[in-house]
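Notes for the one structure printed next.
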Amino acid sequence: MYHILEKTIQSAFREKVRSTFGSDADITLEQPRQTSFGEVALPIAFQLARALKQNPKKIAADLVEAVGPIPGVAAMEIAGNGYINIRFDRGAYGAALLNSVAAEAVDSDEKIIVEHTNINPNKAAHIGHLRNAVLGDTFVRMLRAVGNKVEVQNYIDNTGVQVADVVVGFHFLEHKTPAEVAALIAENRFDYLCWDLYARTSQYYKDNPEALKWRAETLHSIEAGHGALSELGHLVANAIVKAHLATMLRLGIEYDVLPRESEILHLKFWASAFELLKERKAIYFEEEGKNKGCWVMPASAFRGSDEANEDSKVIVRSNGTVTYVGKDIAYQLWKFGLLGKDFYYEPHTTYADGHQVWASTAVPQAGPTPKFGGGATVYNVIDVRQSYLQDVVVAGLNALGYNHQADQSIHFSYEMVALSKRCCADLGIPLTPEDMEKPYVEVSGRKGLGVKADDLMDQLIDTALREVASRHAEDTPEQQRAIATEIAMGALRYFLLKFTRTTVIAFDFQEALSFEGETGPYIQYATVRARNILRKLTERGEAIPDFGAELNAEAMAAQLGDEDAWQILLAASKAEAAVERAIASGEPAHVARYAFQLAQSFNNFYHQFPILIEPDRNRKVFLLWMTSFFARQLERTLAILGIAAPAYM
RNA sequence: GGGCACGUAGCUCAGUUGGAUAGAGCGUCCGCCUCCUAAGCGGAAGGUCGGCAGUUCGAAUCUGCCCGUGCCCA
């Protein structure tokens, strides 16, 4: 509702600014410094003052005169040196909220692809991976909430160095056969086992550099697709992908399709992309210099036109192997439906809600399978350290002449999750003097340095469970655990979302395990309270009023004359505006912050207005409507954040 | 050496794209459970928005130069 009125005001002014002053300046809306100034402020007169060489105050007055009455607006006043302050018609506003039945949903046929998670399938997921997945998943929920068609992809690099290294560990260090590894997979926490083995193998390379030949041998075997090493590679990657899906499902994160690198290889995606790149002269064969014998992309393609830097990017090495970027260009082309090729798909996993995840396969399937890829816009959720490579991929699209798709290929970047020094101390990680100088310590899978996702979730659940058990001792352990899990996961998702994407999260247990203040549970608690009021009402034998019948614009106006009630309702009605703003800025943190403010508003309301014992019938009906409106807004916003609203707390 | 970020209260962070008196949580101090759940609420203290210059009606926000930190590319 709020953003609809915003747009009405905006367009009314835009039109008059154009017709009266011949300017098509942007109409920016602000929130007045003081709530007593009104609901919306326009500084447009200042923007026009310079060009028109007129007093802003006069411009503002002329403009207000020209615009005339706007539906939904009660008053416009000139304030300060030329601010236009706008007051809403409270009765009309309240009545509109009362009648709004999940408006809009600007349906679009265009598909948006969001790729996230993309964890190397060679070890357990850690907190850095969680940030990726939670950011990606929340952004997907935001896009879907406003009516977009979204496809969620989780790319699986099942033929890469990292998988090879774990295979090296099993085969050369542990002397395990595929059958033995299969047996290990059947046991518990294979992903944890690999976590340690990967670190051990990495250390072994360090001490015995000649062992790197094992890695090369393994990579060749995996690429060729036969032999014990290849078999081990598939066993490891498939088992770890399963573990990752299970880990992410704990946080309510689901995928639509898992495109795998093995199929990119077998279906010769790269060969098609290579031909395209050569044909369109996006890359060239280097005849001399250090990159002699390589196919390279000229630096000018991705570094602006600065001639200063001569460093071109190698796409195909002189030994004929393609770099990671090369494969990524092929994959990106496929995402836009530009490759002229497609995967085959087979069912991978079915979630409890019936939702099916598909995985790519090189084998044609008998029955009908869905189509994936061919998006109009592609978001790649990848951490900021990959910026350079992402630029090269986009440059590849541009060099091929796909400028529009290049613009629609968005690196949804975010800063890493590091470990605070206190966190390292908690984990018993010894810090070098070098580390002590730094503000935080970088997570390293290679060193086995990090907080495992499942460990963290378990710890959060334990902490929440102690609290739930002390508050609801009468409940069964299963019930307590279910509630504690919802609270723990809510806390974790909120913790990862409240920071903007450019902020490095220095992970700290004390902060992450907190359930008070600006946290997920704070918002959940407000939601539980709102619903409790309505539940208590029916428990007392009273019916929830028919708000549509008992309230109208007049009644709303009377009740909303109360300044506090009005401000609280106004805040509660801005959910859609907050989501739109967050999508425009690509910042899920804005939704998270709004959810917190919404909960604060509700708590404010809760403490200020006793509802069930309110003697005045009209007022009580109004307060109950406010309560149900809050409950709905909180539930919606939590759903967008992927946070559950527990039955009780 | 080049590129990209960041620097705001004791700590951790927001700041709606240049607007009116810079906000929140944590921590500290004081207060509130006879009342819909205290995972809550109210109040207090706490700031040279890294520094200097510039752009203009107006700068935490834009530009330049410094200082400091992180990441990436050679």
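Naming convention: chains lettered A, B, ... in sequence-line order (proteins, then strands); numbering from 1 in each chain.
Here B/A39 presents its P atom at 16 Å from CD1 of A/Ile523, a figure rounded to the nearest Å. The CG atom of A/Leu389 sits 9 Å away from the C1' atom of B/C72 (whole-angstrom rounding). A straight line from CD of A/Glu518 to C1' of B/A39 spans 15 Å, rounded to a whole angstrom. If you measure from atom CD of A/Glu442 to atom P of B/U69, you get 17 Å, rounded to the nearest angstrom. Remark: P of B/G23 and CZ of A/Arg593 are 15 Å apart, rounded to the nearest angstrom. Distance A/Asn603 CG to B/C36 P: 15 Å, rounded to the nearest Å. Here the C1' atom of nucleotide B/G23 and the CD atom of A/Gln597 are 10 Å apart, to the nearest Å. With rounding to whole Å, A/Ile27 atom CD1 is found 16 Å from B/G18 atom C1'.
Between A/Glu415 and A/Arg385, no side-chain nitrogen of the basic residue sits less than 4.0 Å from a carboxylate oxygen of the acidic one, so the salt-bridge criterion is not met. Between A/Glu434 and A/Lys438 no salt bridge is recorded (no basic side-chain N to carboxylate O distance below 4.0 Å).
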Dot-bracket encoding per residue of RNA chain B, Watson-Crick/G-U cut-off under 3.5 Å, | denoting interstrand: (((((((..((((.....[...)))).(((((.......))))).....(((((..]....)))))))))))).

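Using a 4.0 Å cutoff on non-hydrogen atoms, the parts of residues 479-495 of chain A near RNA chain B are A/Ile487, ordered by number.
One finds a side-chain N or O of A/Tyr525 lying less than 4.0 angstrom from the OP1 or OP2 phosphate oxygen of B/A39.
Screening A/Phe596, A/Phe515, A/Tyr494 for a ring-ring contact (aromatic ring centres under 6.0 Å, His included) involving A/Tyr522 leaves a single residue, A/Phe596. The one candidate from A/Thr500, A/Asp383, A/Asn132 that meets the side-chain hydrogen bond (donor to acceptor under 3.5 Å, both in side chains) condition with A/Tyr414 is A/Asn132.
A distance of about 11 Å separates the C1' atoms of B/A60 and B/G18, rounded to the whole Å. For B/C26 and B/C41, the P atoms lie 8 Å apart once the distance is rounded to whole Å.
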